[in-house]
Structures are given as structure tokens and as C-alpha cells.
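Structure, as C-alpha cells:
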Protein chains: 2
Amino acid sequence: MTTLSLSYVPSFRTTSFNDNDIRSMVWGYKIFGASNTMKMGRTTMYATPVTKGVNGKPAVVERTMIPTQKQFVDPFRQGIIILDGVGYRQTVVVRSYEVGPDKAVTLQSILNLLQETALNHVWMSGLLGDGFGATHGMMKNNLIWVVSRMQVQVDQYPIWGEILEIDTWVGASGKNGMRRDWEIRSHTTGIVFARATSTWVMMNQKTRRLSKMPDEVRAEISPWFINKQAIKEESVEKIDKLDDNAKYINSGLQPKRSDLDMNHHVNNVKYVGWMLEAIPEECLENYQLSNIILEYRRECGSSDVVESLCEPEQVGIIEDVNYMSRCPIGAGFLNCLVNQCIRFTHVLQVKEDSKCQEIVRGKTTWKKRNNHYPYCG
Amino acid sequence: MTTLSLSYVPSFRTTSFNDNDIRSMVWGYKIFGASNTMKMGRTTMYATPVTKGVNGKPAVVERTMIPTQKQFVDPFRQGIIILDGVGYRQTVVVRSYEVGPDKAVTLQSILNLLQETALNHVWMSGLLGDGFGATHGMMKNNLIWVVSRMQVQVDQYPIWGEILEIDTWVGASGKNGMRRDWEIRSHTTGIVFARATSTWVMMNQKTRRLSKMPDEVRAEISPWFINKQAIKEESVEKIDKLDDNAKYINSGLQPKRSDLDMNHHVNNVKYVGWMLEAIPEECLENYQLSNIILEYRRECGSSDVVESLCEPEQVGIIEDVNYMSRCPIGAGFLNCLVNQCIRFTHVLQVKEDSKCQEIVRGKTTWKKRNNHYPYCG
């Protein structure tokens, strides 16, 4: 299933080394025949040599060296092409600032890594224009990607210092959309930590309206499509609308400059932060998120003032959990009852002229922590 | 100056490869004779084999595989030992979520990377206990590191996708302290983007009081000390005390769960975020931070409510800058006048019984942006 293209592996050089050789070998790119100009086998990895730009400083394109042809290995990002040439795998180490006080990776860090590997996949494809994952054809048509749905299932949280393999690939979603999936595993044991799936559509950057996929763009990306799903498709669950009667409400949330991404939007990861902040502290201490579904409705502008609403699911009454006396929340499904999990419905909305505009709806499922340090569980 | 230890480079294997071999070679560890158990030359890289822990799941120590002996190469973190065996260099690619809307790395991301490389340096040393950079000797004595001063100079901001080399090393600071310095360069051109220096002391984790450096700990870390400074030592500038008459005040700042680090403290990076948020938006748009000095006074508890005060330096009046009409700020030094830079004094404080407890004082210097996209400048 996950095969590697071997055609770009030249034979080893076994002559003597200098310091630069050694440094190169550490990251392995020398063994793929790459020199400082990053030639790899028969392909030239990067579009432009590093020359001087304006004012004697290298220009942007020279500094980022976005490839114009498909690459099979990126030694710096530790990425390789997998799945018969259409998928991408990146090896990453969990960094000290990506974990919480319990040393487990935060959900926000997981979402960041999903975004990063998705962009690096496009980077490797040779299709990346100068944008947030937009292809050359998309840029020509003033189109950007917008996410319409996202689901992340976390079986176990990776911890600080752990080595991960993140696989990602894409597929068709309807006529005009794209599905992108991910799988996060332990590099050491192969155990799957998390799975994710998402659907994306194109938006005209000027009109801010959704767009059909132009033939030109379809021709670029459809050769990368495969029919493989990280999360088994169940009937897609509808997320209820919440109103001001929701149990928990955080108001007056305003994006800061540092919340804007390269697209000058409030980044999706910030949305999730706002959602989770509406959940009572006690719940976060005793439970750990195991599933999140997000349905995106509209953009959040940099001047919007956002409200985060959150409602625990009230289906039955759980009797045995002490915790419930302090934080009275029901559970949605028998499955949840048995596994001591709780569920919340969320919405982020903007109030305009006393009307509410929904930005994103969400649903989260939380499993009881075995103790305060989830990595011990 | 930056020599590499060559003693751990075995000869290449030139036999045929399977998929796992190829995958290994991508990150180069196979060529160092490493197998899945990470044997490297004559040293065994990790302390424990991956075996089953409690409940059939690997235990923490097995999952993180903290080395118990000095390592010279870490293929996963892309780190090597430099500076005659006592310094550390890591190669990193600027990730999509580490940059702002201008595609330049944020100061917070730089601070995160400094923390990360410092910890990875200790990781490589074989001295790391299970803590936030604490050595085995420190853990035995219930000691943790606390930072007392930090300075970061940014000449040019790295941009999204750029490949960086970050060097870090340590030295003595007085009798009981440690200095840690960093240099961040472009991997491609060698241009220095940023330099940083910091001083650290030890605190007893239980009493929360500063501690002398025990002989046991000095014996562990002093062999790593060198006398090399990333930032030329000038007379250390005193940072003035601010009071409630400061021009800009942000009140009611409260740490969130996600602001706590592995030490269960509000992370330093959060402090800097709070400082910068007190600066008017217009200034952030037109100026870019080129220097920050931080003096830490006391810890911020998770229940503290913090005030961020900020005062522009008022030494002279600048006549030629249009910007000044909207954001009337003076400049501290002739140097600043010539280069169109501005300076602020900062303080973060907690009010307790109408008394102010300072958490950290700061001083920032800002250079005029050439345009809204600093990477073009």
C-alpha cells in the first residue's frame, strides 16, 4: 500500500568526506546525489538558484525555493512521496512547545501539523504557487482553498519527544471539492495515534464566493486523487444549531494580529481554541478530547467579535461518576456511557445587527482520563 | 570553530535496499550504522528498548527514549554536536503556522525555537532527566532552571519555507548561573538572521527559592561551558520601572490552560505575547521588532491576573516621520533616530492587595518596515 519510488536512488559515493559532506549526510541528501543546489537524481529540486535579489538580498522565491517539478524526497522537511507516488509522509518529532502541562500534544498542535503536512504535500507536488496551498492554476483564477468540514479522531495523544509519521493524501469530494485525509502514527511502534479527514472547496479571493473547480485546476490535482479513507465513513452526523440558551457562553472574543495566517484570515486552529475555551475547566482536567467534527459556515473577519457557545449533550443521566455532581453533563450514546465519555455541541458566531452569523459548528467527544497524565494511560 | 566529530561515521553499506532501508536512508541514520534501536557507532543512542509498559502500552521513558549518554547526531531532530563537542546545531524549516500574515516568522516562534534547541542540546548531552532541561543532578536536588534575563536581536526575519540552522551553546554566568546563547542563520546563504543570549539560575521546585549550584550539578554541566558570546557584551542597560501612568495598559490578562508548559508555569513566550499586545496596532503594522530584552522578576501563577504596561521612550521629537502624527513616539538614541526606530519600556505585573508585583520588565526596539512585507526589505 505504501510503496516508495526507487527510481531516484543513485548509488552511494564512498570516497573521503569533508565537513560539508558529513553535514549533508546527516540529513541524507548527499546519498540521493543532491548537492547544495539540491539536484536529486534526474530532477532539479528547486526552481531557482540562490542569487541576489533586490538590494543585494535574495528575493522571496529564491529564499523559499518552491519546487516547480514533482519531488520524491525532501530531506529538510523529512518528507517522502508514498502511496504509489501520490501520497506524502513526513517524520516529525513532538516539540517542547507543542505539548501541554501533561506533556501530551495539544489538539491545536495536531491541527497545526495537519496543516503543515498538507502544505508540504502540495510543495512536493510541484504545483504550489505562492499561496496557502493554492496551485498555479488556482492562482491564475484567483482561487484559494477553504475548508468546509473537518474531523479529527485521537486514539492516543503523542507526547513530548516522540517521533511521529504523518501520512496525508487527497481524493475527490463531489464534483468540485477535494477530500484530504491524514494518519498520525508512532514511528517506533507503528501504532496509530490519530486519524483525520477534511473536505475543501475553492473560493474566489476577490468576490469571496465559492467557485466551481476550473478544468485547468482539475487537470493539475486529479492525478493525485485516490480512493482511501482515514476514517470509516458513517452517515455524516448533523450538528444541531445552538442559540443563546446554550449552557456555556464565552463572549467578546476578538482575533489578535497573531491569530491571522498567511491568507490574512483567522486561522482554523484559533477557532478550535475558542471552542474549547468555552468548556468548563473541570471537564478539561478530567476528560480528554477523542473526536472533533467541524462544519465551517463563513469566514471570520479580523474585526469580528465572536461568541463561543457550547452545550453538553443531554440524553441520559449518568449515576456513577463523582465528577457529574460538579459538572452535570449527560452522554450521547451507549458507547459513551460505557466508556465514560461526554459530548458537546459547539458554535462560534458573530452578532451583526442583532442577527447571528454562524462561523463554524462543532461537535466534540471526550473520554475520561485515566489520570492527570494521559500518556500514562 | 565549528568542527564535527568524525569518529562515529562508519563506512557505507552498499548492498541492496528494501523499503525500510530506503526510509532510513532518507533521514540518514542508516548511513551512520544505526538500526531501529538507534545504535550509533560505539554508543547506544537511547536508554531503553521499546518494550511494553503498563497495560500493554509503552511507558513514557520508552516512548521518549531520552539518551543516557552523549550523542553526536540526532537524525530525527536534525541535530549535531558542534564547537569541539560542546555546542549543538539543529536544522529546521520554517513551518506554515510559525509565520504571521506577512509570511515572516513571529517573535514568539523564534522564542519557541530557542527553547526547543536548548532542550535538544541537553537531550543530546545525555544529562537530561525527565524535566524541562533539568539534569539528573538537578532532579536529585529538586532543582529546576529559571531564566533571569534574555535578549534577542533580530536582523532579518526568516520566512515561511526557509531552511534555518540554529546553533546554541552554554557558558558560566557568575558562580551559580549559566549563560545560554544562540545564533540563527540561513542554511542556504549563511546570513545571520538573529542572535540571542540568556542567563539561567536554579530554583528549588518545592520552596520556590533560588538555589546555589550544587557541586554535583556543576560537575555535570561545566564541561559544556565555553566562553563565546552571540551578542557583544555592552554595559547591561537598566530597565526603568513603570507605574500606572504608563501610556498603554492592558489589564485583566489571565493565563489559559493552553498557556501552561511542562513545568506547569505560564511559559515565557506567553509573557512576550502579553507585552506586545499592549503596543498599538499601528506601530506593529509599521515597525518590526529588532531587539528585545527581558528581565524576569518572579513567577506568574496560573490564577494571577496580569497587567501589561508599556511606555514609548520619550527622549527627543522626530520631525520627519509621517507616522509620528498618528502614533507620537520618541526615539531613545541617535542611532534610533537615524534608522527610524522606536523603543518601548514594558512591564508585566500582578496586583495583590493594591501592591504591584512585577513579573517581568522588558525593553523593545523597533525598526521601520520597508513595506508591509518585511521579507521584501
Side-chain angles (χ1 to χ4, degrees), chain A residues 3-4 6 9 11-12 14 17 19 22-23 25-28 31 50 54 58 60 63-66 73 75-78 80 91 93 95-97 99-101 103 106 108 112 115-116 119 123 132 159-163 188-189 256-258 260-262 264 267 269 273 277 281 284 375-377, chain B residues 3-4 6 9 11-12 14 17 19 22-23 25-28 31 50 54 57-58 60 63-66 73 75-78 80 91 93 95-97 99-101 103 106 108 112 115-116 119 123 132 159-163 188-189 256-258 260-262 264 267 269 273 277 281 284 375-376:
Chain A
T3 59
L4 277 156
L6 304 184
V9 184
S11 58
F12 280 168
T14 50
F17 316 121
D19 269 17
I22 301 294
R23 185 159 67 176
M25 284 187 298
V26 172
W27 319 140
I31 63 168
V50 178
V54 189
V60 181
R63 287 175 62 183
T64 51
M65 301 190 293
I66 298 173
V73 176
F76 295 108
R77 288 171 188 74
Q78 303 190 308
I80 51 171
T91 307
V93 181
R95 294 179 178 171
S96 52
Y97 55 87
V99 301
K103 292 193 184 169
T106 62
Q108 283 92 329
N112 280 334
Q115 172 187 300
E116 176 67 13
L119 283 172
W123 175 286
F132 218 153
I159 61 171
W160 171 53
E162 207 156 26
I163 303 164
T188 319
T189 65
K256 288 180 290 206
R257 191 184 169 77
S258 57
L260 303 181
D261 64 22
M262 285 190 276
H264 295 248
N267 191 273
V269 179
E277 279 165 36
E281 183 66 21
L284 298 174
Y375 59 77
C376 300
Chain B
T3 59
L4 277 158
L6 303 185
V9 184
S11 58
F12 280 168
T14 50
F17 316 120
D19 270 17
I22 300 293
R23 185 160 68 172
M25 285 188 296
V26 172
W27 320 137
I31 64 170
V50 178
V54 187
K57 288 179 182 175
V60 181
R63 287 175 62 183
T64 52
M65 301 189 292
I66 298 173
V73 176
F76 294 109
R77 288 170 187 75
Q78 302 190 310
I80 51 172
T91 307
V93 181
R95 293 179 179 171
S96 54
Y97 55 88
V99 302
K103 292 192 185 170
T106 62
Q108 283 91 328
N112 280 335
Q115 173 187 298
E116 176 68 12
L119 282 172
W123 177 285
F132 218 153
I159 61 173
W160 172 54
E162 206 155 29
I163 303 164
T188 319
T189 65
K256 288 181 291 208
R257 192 184 168 78
S258 56
L260 303 182
D261 64 23
M262 284 189 277
H264 294 249
N267 191 273
V269 179
E277 278 165 36
E281 183 65 22
L284 298 174
Y375 58 76
C376 300

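For the numbers below, each heavy atom of this structure counts, side chains included, while hydrogens, waters and symmetry mates do not. Chain letters run A, B, ... following the sequence lines, proteins first and then strands; every chain starts at 1.
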Side chain from CB out, backbone as N, CA, C, O: work out which of these in [X] comes under 4.5 Å of a heavy atom of chain B, or both, or neither.
X: E277(A); answer: side chain
X: S96(A); answer: both
X: N267(A); answer: neither
X: L119(A); answer: side chain

Q. Tell me, do E162(A) and T188(A) make a side-chain contact under 4.5 Å, heavy atoms counted?
A.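 No. Closest side-chain heavy atoms not under 4.5 Å.
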- [ ] For the residue pair V99(A) and I159(A), establish whether any side-chain heavy-atom pair is separated by less than 4.5 Å.
- [x]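 A side-chain contact under 4.5 Å is absent here.
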Next item on the list: Classify the ring geometry between W123(B) and W160(A) as parallel (under 30°), tilted (30 to 60°) or perpendicular (over 60°).
Entry: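 It falls in the perpendicular class, over 60°.
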*asked:* Just to verify, what does V93(B) make a side chain to side chain contact (heavy atoms under 4.5 Å, CB included) with, not counting sequence neighbours?
replied: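 V93(B) satisfies side chain to side chain contact (heavy atoms under 4.5 Å, CB included) with F76(A), R77(A), I163(B) once adjacent residues are dropped.
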